[in-house]
Amino acid sequence: QRGRCMMRVQLRGSSRRSDGCMHFGVHQGVLVGEATRLVIAHLSDLHIKSSTSIGSVRLTQISGSVGSMWQPDTELLILLSGDIANACTADEYGAAAEALETLVKQLDAWKFTKVSMVAVPGNHDCDLLNGVPVIRETLLSGLSKADDQGIIGIVRELRKAQREYDVFADVVCAPVVRINDVVSKLEVCLSERKLAFLLVNSAWSSRLHEQPGELRMPLAILPPAVAD
């Protein structure tokens, strides 16, 4: 029983569309025998263009919903799961970083034991406008013909479209263990246990006007624990 994860989930917040569509949920987890609680604030599809974007504004309005989950000995993990920016530009990520900094400062009032932030990119976190589309399409087509080393090289080249996202994540997010070009691991140390989160970047194979089912994730770029 000691190893089982007992989860009590509460979803708060809503979604609406303007210049972006922000999804927001708060989840509280309790491990049996563990003194420390972990609250996960899950944010997705911010689509931030500037400081006045709906995603930027709403980030500064959710501290009450997140903070209401506080109890003594509670840690907070803010999870950003894709489409933080709208077009993967430095200015957009600057606005996102500023809004997130405001949110974290607001959360200081709730006295969480620790506040950490982690992110994975979405297709809008790829700069697909400044490259040459035919080159990207050629590289994506080559995945089915390449050996394992060739696949790794193609993925590394395609990942360059996420350069601005990488800069943002390195500044804003908690340090992670980079397993390879698309998989990282975050470890959260509670009072008695360590939780590991595998962060898989599936947006590296995004393309303009993509259709459902077009993302690629060859097993050659997944570590064995994920591939199994």
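As the structure is a computational prediction, the values presented were derived from the model and not from experiment. What's counted below: heavy atoms across the whole structure, side chains too, no hydrogens, waters or symmetry copies. The first residue of the sequence shown is numbered 1, and numbering continues consecutively from there.
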Group every Ile, Leu, Val, Met, Phe, Trp and Tyr by side-chain heavy-atom contacts under 4.5 Å, then state whether Leu215 and Ile151 land in the same group. no
Between Glu75 and Val39 (side chain of the first, backbone of the second, donor and acceptor by atom type, cut-off under 3.5 Å), is there such a pair? no
Can a donor-acceptor pair be found, under 3.5 Å and without considering hydrogens, that links the side chain of Glu92 to the backbone of Cys88? yes
Taking Asp83 for its side chain and His124 for its backbone only, find out whether a donor-acceptor pair lies under 3.5 Å. yes
Determine, stepwise, if the pair Leu140 / Leu158 fulfils side chain to side chain contact (heavy atoms under 4.5 Å, CB included). CA-CA 8 Å; Leu140 287 168; Leu158 291 170; 3.7 Å; yes
Search all heavy atoms of Leu80 against all heavy atoms of Phe168 and return the closest pair with its distance. CD1-CZ, 4.3 Å
If the test is side-chain contact (heavy atoms from CB on, under 4.5 Å), which one of Val115, Thr60, Ile62 qualifies with Leu103? Ile62
In terms of heavy-atom contacts, does CD of Gln106 have more than 12 from other residues, nucleotides or ligands at under 6.0 Å? yes
Can you tell me how far the CG atom of Asp91 sits from the CG atom of Asn86, to the nearest 0.5 Å? 13.0 Å
Straight-line distance of Leu43 CG to Ile84 CD1, nearest 0.5 Å: 9.5 Å
Where Glu210 and Ser205 come nearest, the two heavy atoms and their spacing: OE1-O, 4.4 Å
Stepwise, does the side chain to side chain contact (heavy atoms under 4.5 Å, CB included) test hold for Leu100 with Met117? CA-CA 9 Å; Leu100 288 165; Met117 194 176 308; 3.8 Å; yes
Once you round to the nearest 0.5 Å, how far does CG of Leu208 lie from CG of Leu128? 5.0 Å
Determine, for Arg159 against Asp181, whether the closest basic-nitrogen to carboxylate-oxygen distance falls under 4.0 angstrom. no
Under 3.5 Å, is there a donor on one side chain and an acceptor on the other for Tyr93 and Asp125? yes
Could you please spell out the steps behind the side chain to side chain contact (heavy atoms under 4.5 Å, CB included) verdict for Val66 and Leu76? CA-CA 9 Å; Val66 177; Leu76 172 64; 3.8 Å; yes
Could you tell me whether Asp170 and Arg178 make a salt bridge, using a distance below 4.0 angstrom between a side-chain N and a carboxylate O? yes
Would a 4.5 Å heavy-atom cut-off, applied to side chains only, mark Val200 and Val120 as touching? no
Verify the cluster assignment for Leu198 and Leu222: are they in a single hydrophobic cluster under the rule of side-chain heavy atoms below 4.5 Å apart? yes
Minimum-distance pair of heavy atoms, taken over all atoms of Gln71 and Thr74: O-OG1, 2.5 Å
With a 4.5 Å heavy-atom cut-off, do Pro223 and Asn180 have their side chains touching? yes
Once you round to the nearest 0.5 Å, how far does CD of Gln149 lie from CD1 of Ile154? 11.5 Å
Thr102 vs Leu59 side-chain heavy atoms within contact, under 4.5 Å: no
Are side-chain heavy atoms of Ile179 and Lys185 found at a separation under 4.5 Å? yes
Between the main-chain N or O of Lys111 and the side-chain N or O of Trp70, is there a donor-acceptor pair closer than 3.5 Å? yes
Could you see if Leu129 belongs to whatever hydrophobic cluster contains Val134? Use Ile, Leu, Val, Met, Phe, Trp, Tyr and a side-chain cutoff under 4.5 Å. no
Decide yes or no for Trp110 and Met69: does some side-chain heavy atom of the first lie under 4.5 Å from some side-chain heavy atom of the second? no
State plainly whether one hydrophobic cluster holds both Leu219 and Val183, where clusters connect Ile, Leu, Val, Met, Phe, Trp and Tyr through side-chain heavy atoms under 4.5 angstrom apart. yes
Rounded to the nearest 0.5 Å, what separates atom CD1 in Ile135 from atom CD in Glu157? 8.5 Å
Quick one: are Val177 and Leu186 in side-chain contact, heavy atoms under 4.5 Å? no
Do you know the tightest heavy-atom contact between Ala95 and Ser51? CB-N, 3.8 Å
OG-NE2 distance between Ser81 and His42, expressed to the nearest 0.5 angstrom: 2.5 Å
Would you call Lys114 and Leu77 a side-chain contact if the rule is heavy atoms closer than 4.5 Å? no
Looking at every non-hydrogen atom in both residues, tell me the closest pair between Pro218 and Leu143 and how far apart they are. CG-CD2, 4.5 Å
Can you find a heavy atom in the side chain of Gln162 that is under 4.5 Å from one in the side chain of Asn201? yes
Using modelled atom types only, decide if a donor and an acceptor are shared between the side chain of Ser53 and the backbone of Gly55 within a distance under 3.5 Å. no
Should Arg216 and Ser144 be marked as a side chain to side chain contact (heavy atoms under 4.5 Å, CB included) after you check the CA-CA gap, both sets of side-chain angles, and the distance that decides it? CA-CA 10 Å; Arg216 305 290 297 277; Ser144 60; 4.2 Å; yes
Using a 3.5 Å distance criterion without hydrogens, assess whether the side chain of Ser56 forms a donor-acceptor pair with backbone atoms of Ala99. no
